[in-house]
Amino acid sequence: MTPIVTRFPPSPTGYLHIGGARTALFNYLYARQNGGKFILRIEDTDQARSTQEMTDAIIDAMHWLGLDFDEGPYFQSERGDLYNSYVDKLVETGKAYYCSCTSEEVEAMRETARAAGLKPKYNGKCRELGLGPGPGRVVRFKTPLTGKVVFDDAIKGPISWDVQEMDDFVIRRADGSAIYQMAVVVDDAEMGVTHVLRGDDHQNNTPKQILIYEALGFPLPTFGHVPMILGSDKKKMSKRHGATSVMMYKDLGYLPEAMLSYLVRLGWSHGDDELFTMAELLEKFSLGGLGKSASVFDMDKLNWTNSHFIKIGDVPRLANLLDEMIRQNTDFEPARDYLEAIVPLFQPRAKTLKEMAEQATFFLHDAESLPYAEAAVTKFLTPETREHLNVLAERMEALPAFDHQSLEEMVTAYLEETGLKFKALAQPIRVAITGTTMSPGLFETMEVLGRDRTLARFRKALTL
Ligand code: GLU
C-alpha cells in the first residue's frame with residue numbers, strides 16, 4: 001500500500017485563520033493516524049501579497065497547535081522552473097498550445113458567447129494553429145471538447161463536471177509564469193500527495209486540476225472538499241464575526257488543546273462526543289466522520305470547550321501560561337509558586353486564561369495599590385462591619401496556621417459568639433481582601449494570599 005501523504009498549502013497573504021487551521025488539522029490527523037506524512041507547502045506565487053512575516057506567523061500558529069509537519073516548508077516561489085518544465089511537456093505532447101490572442105480578443109469572444117446566451121469562454125482560435133513561443137503569448141490547456149470529469153469526493157460523494165463548462169484555460173501567462181492550478185498539480189504529484197483535503201471553496205478548481213493530472217499521466221489523489229465555516233449569521237466566516245486568526249485566540253487566552261478539540265468539531269463528528277484530546281483524535285478520526293454541510297462558528301461552545309480544558313489542565317503549565325498572559329498585559333511580575341497556588345482557585349470557572357488573569361489581578365497588587373470599588377466599600381464596609389473586621393484581623397494574627405480550614409473555623413466560632421450570619425460578614429471580608437464583591441471562595445483566597453497580605457489588606461480597608 002502506498003503510504004498516505006497529505007499536505008497543508010497556505011498562501012502567506014494573511015495569518016493562519018480558523019478555516020485553514022481546521023483543514024491543516026484534518027490533514028495532519030489523517031496522515032498521523034495512518035503512519036503517513038504531512039507536508040507544509042507555502043503557496044507564495046502571489047509575490048506582491050505574500051510575506052515572510054506571514055509565513056513565519058503561519059508556522060508559529062501550527063507549532064502552537066501542535067500540527068508538526070514532516071516535510072517542508074516548500075515554497076512555490078522557488079519552484080517556477082519545475083512548473084514550467086511540465087507546461088513545456090504538455091505543449092510537446094500536444095496537450096497544450098501557445099495562443100497569441102490579445103486580452104481584448106479574448107474578451108470579445110466571451111462577449112459574443114454571452115450575447116448568444118452561452119457560457120463566456122475562449123473560443124479555441126489558436127488551438128490547432130501550432131504556434132510557437134513568442135512575446136505576449138500564453139500557453140493554454142487543450143480541454144477535451146466533450147465528456148465529463150468525474151471524481152468521487154471523499155466527503156461529498158460523486159461529483160461530475162461537464163467539460164463544456166470549461167474552456168482552454170491558460171496554464172502559463174505571457175510573462176512566462178505558470179498559473180496556480182499547474183503549480184498545485186505538479187507539487188501534489190511530485191510530493192506524492194495521496195489525499196487532498198481542502199476547503200470546498202477550491203472545489204471548482206478540482207476538475208481543471210484533474211485534467212492536468214491526466215494529461216501529465218500522474219495518478220489522481222483522493223479529493224475531499226470540506227464545507228465552509230459560517231459565522232453566527234450563517235454567512236461565510238470573516239473578520240466581521242470577530243477573531244479569525246488562530247493566534248488571536250492564543251492572545252485571548254484559549255488553550256491550544258481546546259482550539260483543536262473545538263476546530264475538529266467544525267465539520268467532523270464522532271457520535272455525540274464533543275471533547276477530544278489529540279490522543280483521542282488520533283484514534284477516532286476518520287474521513288467518514290467529515291460532514292457534508294457547513295458548520296457554524298459558535299463562541300459559546302468554544303468558551304465551554306476552553307473552560308473544560310482549563311478545568312482539567314496541569315497546574316504548573318497553566319501557571320506558566322497565566323504568567324505569560326500577565327506579563328504581556330500588565331507590569332506585574334508574579335512569583336511562580338504564588339501563581340501555582342492561584343490557578344486552582346480559578347480553574348473551576350474560568351472561560352479563558354485572559355479572564356483568569358483579569359480576575360486574579362487582586363492577588364498581585366500590594367495593599368497600597370489594590371483598587372477598592374467605591375460602591376462596594378460604601379455598601380459593605382459600614383461602621384458596624386468594620387468593628388467585626390477589626391476583631392477578625394486580631395484573631396487572624398493569632399491563628400497558629402493560616403490555612404482555609406483554620407480560617408473557616410475561626411470565622412465560624414466568631415459567628416457563633418456574635419449570633420451573626422455568615423452572609424453578614426462574607427461580603428465585607430471579600431471587599432476588604434479583594435477590593436470587589438466577586439472572588440473565589442473566601443477562605444481559599446485568604447489562604448493563598450497568606451497572612452501578611454490578608455492582614456495588610458484588612459488594615460488598608462479599615463482606613464478607607
Ligand atoms: N493555497 C490555497 C489556499 O490557501 C490552498 C489550495 C489547496 O489546498 O489546493 O487556499
Side-chain angles (χ1 to χ4, degrees), residues 4-31 37-59 61-62 65 67 69 71-80 83 86 149 151 153-156 159 161 169 171 177-213 216 218 220-229 236-239 244-246 263 266-267 287 290 294:
I4 304 278
V5 180
T6 65
R7 68 348 176 234
F8 177 53
S11 306
T13 54
Y15 294 97
L16 180 63
H17 54 85
I18 292 292
R22 179 191 63 161
T23 317
L25 173 60
F26 291 159
N27 281 285
Y28 170 87
L29 289 173
Y30 195 60
K37 209 161 62 175
F38 174 56
I39 297 176
L40 176 64
R41 181 170 77 225
I42 302 296
E43 303 207 321
D44 57 348
T45 46
D46 183 349
Q47 291 280 9
R49 290 174 58 230
S50 301
T51 64
Q52 184 61 43
E53 188 198 343
M54 288 306 145
T55 298
D56 294 343
I58 290 168
I59 293 174
M62 290 178 69
L65 290 172
L67 303 179
F69 39 93
E71 241 180 56
Y74 292 105
F75 291 87
Q76 284 193 329
S77 58
E78 295 168 1
R79 297 165 64 85
Y83 309 143
Y86 281 102
V149 178
F151 67 100
D153 191 284
I155 298 163
K156 304 198 175 188
I159 294 181
W161 273 72
F169 51 96
I171 54 176
S177 60
I179 60 138
Y180 172 70
Q181 313 288 358
M182 201 61 212
V184 172
V185 171
V186 168
D187 280 342
D188 284 342
E190 287 259 337
M191 294 171 191
V193 171
T194 57
H195 290 74
V196 171
L197 305 174
R198 60 184 169 202
D200 66 4
D201 49 339
H202 288 283
Q203 193 170 311
N204 292 351
N205 291 332
T206 306
K208 282 185 190 168
Q209 293 178 8
I210 289 177
L211 289 176
I212 299 173
Y213 271 97
L216 288 171
F218 290 140
L220 281 184
T222 299
F223 292 97
H225 292 97
V226 188
M228 292 288 94
I229 302 174
K236 188 174 173 218
M237 174 124 157
S238 72
K239 292 208 176 76
T244 52
S245 130
V246 166
L263 284 174
L266 292 171
L287 296 185
L290 292 168

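Along the sequence shown, residues are numbered consecutively beginning with 1. Counting starts at 1 for both ligands and their atoms, following the listed order.
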Mind running ring pair (Phe, Tyr, Trp, His ring centres under 6.0 Å) on F38 and F69 for me, showing each step along the way?
CA-CA 5 Å; F38 174 56; F69 39 93; 7.1 Å; no

N-O pairing of D188 and R41 below 4.0 Å
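Looking at D188 and R41, the cut-off is met.
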
Please determine if K156 and D200 form a salt bridge, counting it only when a charged side-chain N lies under 4.0 Å from a carboxylate O.
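A salt bridge links K156 with D200.
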
I need the single residue from L287, V5, T194 that forms a side chain to side chain contact (heavy atoms under 4.5 Å, CB included) with Y30. Which is it?
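The single option meeting the side chain to side chain contact (heavy atoms under 4.5 Å, CB included) with Y30 is L287.
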
[atom] [closest protein heavy-atom partner, distance rounded to 0.1 Å]:
atom	value
atom 6 (C) of ligand 1	Y180 OH, 2.6 Å
atom 3 (C) of ligand 1	H202 NE2, 3.6 Å
atom 8 (O) of ligand 1	R7 NH1, 2.8 Å
atom 1 (N) of ligand 1	E43 OE1, 2.5 Å

Against ligand 1, does F8 come closer than 4.0 Å with any heavy atom?
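For ligand 1, residue contact (heavy atoms, under 4.0 Å) with F8 is absent.
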
Side chains of Q76 and Y180: is there a donor and an acceptor less than 3.5 Å apart?
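No donor-acceptor contact under 3.5 Å links the two side chains.
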
Give the numbers and elements of all ligand 1 atoms closer than 4.0 Å to a heavy atom of R198.
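In order of numbering, the contacting atoms are 7 (C), 8 (O), 9 (O).
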
Is there a nitrogen or oxygen of P9 sitting under 3.5 Å from a nitrogen or oxygen of ligand 1?
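Yes; at least one N/O pair falls below 3.5 Å.
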
Please confirm whether the ring centroid of Y86 lies under 6.0 Å from the ring centroid of F218.
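Aromatic pair counts; centres sit under 6.0 Å.
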
